[in-house]
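Both counts, for ligands and for their atoms, begin at 1 and track the order of listing.
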Amino acid sequence: MPDAPPRYKKILLKVSGEVLMGDQPFGIDTATLARTAEDIAEVVKTGVELSLVIGGGNIFRGVSLAGRGVERATSDYMGMLATVMNALALQGALEKAGVHTRVQSAIPMDAVCEPYIRRRAQRHLEKGRVVIFAAGVGAPFFTTDSGAALRAAEMGCEALFKGTSVDGVYTADPKKDAGAKRYDTLSYTDVLAKDLKVMDASAVSLMRDNKIPIVVFSIRERGNFLKVLRGEGVYTTIA
Ligand code: UDP
């Protein structure tokens, strides 16, 4: 049987920072980083135009310092800097896997990467480069989920893939509740009304307004990104 073709031609993949930790409690596990890059390279080889947004939770989360004497906005800026570190790490691993990449940061950092320029990012994608969007939306009180939703809409992506450590959206936390059931499909309104912790509400509502489906899947299994893109395997679609 020939492999099914990818279901979309232009997508954005959001990878949570936690994925890069592997089994470590903190930071970047280099084996996991390399494996994730190979999975992404496999998808790029199919000719799909791919944008990436990477979180920072493996290094720093704004809320962790907020309320402990550090202003929320200040600690959120620190969180955004963490996403830039992850973006650079992922860029290095992707280039090693033979993928051409550019990092664009929502907070300009001339000596480190390009600033975010929408039309320039589009051009990179047309040339087959992967664009890694760093620093979320560039503003505190947001998360990289919102950054992912915003860039997916701006780039005109057909779907937003959310690669996490769980293989979809469940009725309850499957790590805590053995009876939790996975949804195959959900509506945006279900996610918001049931307050399911998939992505923040602002990200979900932006995807709803722009009619961009969200595909939640596990990026921890080798080869799973391409499988899910072909419509195989286990995942939840929010549409
Ligand atoms: N952050 C922010 N604005 C953004 C994106 C991120 O303030 O647009 C900060 C926020 O403090 C957040 C941290 O960066 O906690 C890391 O991002 P996130 O928690 O989304 O990472 P993930 O959970 O995906 O690893």
Side-chain angles (χ1 to χ4, degrees), residues 11-29 32-33 36-37 39-40 51-91 93 103-109 112-113 115-118 121 131-155 160-169 173 175 191 196-207 214-220 225 238:
I11 59 170
L12 184 143
L13 171 67
K14 154 81 205 287
V15 184
S16 352
E18 274 167 12
V19 167
L20 298 187
M21 296 193 305
D23 295 326
Q24 293 182 178
F26 171 83
I28 298 171
D29 173 53
T32 307
L33 178 69
T36 308
D39 275 11
I40 294 170
S51 303
L52 289 176
V53 165
I54 175 94
N58 57 320
I59 300 172
F60 192 83
R61 249 183 237 288
V63 287
S64 64
L65 270 192
R68 289 200 280 140
V70 178
E71 229 182 312
R72 170 69 190 265
T74 304
S75 59
D76 275 344
Y77 278 110
M78 293 166 69
M80 285 182 258
L81 296 179
T83 73
V84 179
M85 289 196 236
N86 280 336
L88 295 179
L90 192 58
Q91 176 175 46
V103 174
Q104 289 200 348
S105 171
I107 298 172
M109 246 178 259
V112 175
C113 58
Y116 173 65
I117 298 172
R118 189 178 72 89
V131 186
I132 308 170
F133 296 111
V137 302
F141 305 103
F142 283 95
T143 66
T144 48
D145 281 351
S146 297
L150 176 65
R151 297 300 183 232
E154 285 188 276
M155 290 300 117
L160 165 54
F161 279 65
K162 171 146 177 166
T164 66
S165 42
V166 188
D167 61 2
V169 184
D173 184 347
K175 286 174 188 156
V191 175
L196 298 169
K197 305 284 179 229
V198 197
M199 285 196 129
D200 20 284
S202 56
V204 175
S205 63
L206 189 60
M207 293 298 82
I214 306 168
V215 180
V216 184
F217 71 104
S218 165
I219 199 163
R220 280 187 178 242
F225 182 25
I238 303 161

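- Near Gly57, with a cut-off below 4.0 Å to any heavy atom, the atoms of ligand 1 are 21 (O), 22 (P), 25 (O).
- Residue-ligand proximity, Gly17 to ligand 1, at heavy-atom distances under 4.0 Å covers atoms 22 (P), 24 (O), 25 (O).
- Taking the charged nitrogens against the carboxylate oxygens, Lys197 and Asp173 have no contact shorter than 4.0 Å, which rules out a salt bridge.
- Between Arg61 and ligand 1, at least one pair of N/O atoms sits closer than 3.5 Å.
- Asp76 contributes a side-chain N or O that, together with a main-chain N or O of Phe141, makes up a donor-acceptor pair within less than 3.5 Å.
- Scanning the protein for heavy atoms near atom 2 (C) of ligand 1, the closest one is Phe142 O, 3.0 Å.
- Here the CG-CE distance, from Leu88 to Met109, works out to 8.5 Å after rounding to the nearest 0.5 Å.
- Residue contacts with ligand 1, taken as heavy atom pairs separated by less than 4.0 Å, do not involve Tyr77 at all.
- Of the protein's non-hydrogen atoms, the one nearest atom 15 (O) of ligand 1 is Gly62 N, 3.2 Å.
- In this structure the side chain of Met80 never reaches within 4.5 angstrom of the side chain of Val137, judged on heavy atoms.
- Atoms of ligand 1 found under 4.0 Å from any heavy atom of Gly55, numbered from 1 in the order shown, are 21 (O), 22 (P), 24 (O), 25 (O).
- Polar contact check, Phe60 against ligand 1: no nitrogen or oxygen pair lies under 3.5 Å apart.
- Within the 4.0 Å heavy-atom criterion, the part of Lys14 lying near ligand 1 is the side chain and not the backbone.
- A distance of 11.5 Å separates CG of Leu65 from CZ of Arg72, quoted to the nearest 0.5 Å.
- Relative orientation of the Tyr116 and Phe133 rings is perpendicular, given thresholds of 30° and 60° on the angle between their planes.
- At a 3.5 angstrom cut-off on N or O pairs, Pro140 does not count as close to ligand 1.
- Assignment of Ala139 to the shell around ligand 1 is supported, since a heavy atom sits closer than 4.0 Å.
- Of the protein's non-hydrogen atoms, Gly56 N, 3.0 Å is the one closest to atom 21 (O) of ligand 1.
- The side-chain contact (heavy atoms from CB on, under 4.5 Å) check on Met21 picks up Glu18, Asn58, with sequence neighbours excluded.
- Looking only at protein heavy atoms, the nearest one to atom 20 (O) of ligand 1 is Thr144 OG1, 2.5 Å.
- For Gln24, the CD atom sits in a packed shell: over 12 heavy atoms of surrounding residues, nucleotides or ligands are nearer than 6.0 Å.
- Every atom of ligand 1 is numbered from 1 in the order shown, and the set under 4.0 Å from a heavy atom of Gly136 is 4 (C), 5 (C), 8 (O).
- Here's the thing with Val137: one of its N/O atoms is less than 3.5 angstrom from an N/O atom of ligand 1.
- A donor-acceptor pair under 3.5 Å is absent between the side-chain atoms of Asp200 and the main chain of Ser202, judged by distance alone.
- Considering only residues two or more places apart in sequence or on other chains, Phe60 meets the ring-ring contact (aromatic ring centres under 6.0 Å, His included) condition with none of them.
- For the pair Val198 and Ile238, the minimum side-chain heavy-atom distance is below 4.5 Å.
- Given atom 14 (O) of ligand 1, the protein heavy atom at minimum distance is Gly79 C, 3.1 Å.
- Counting only heavy atoms of the protein, atom 5 (C) of ligand 1 lies nearest to Thr143 C, 3.4 Å.
- In terms of polar-atom proximity, defined here as any N/O pair under 3.5 Å, Asp76 does make such a contact with ligand 1.
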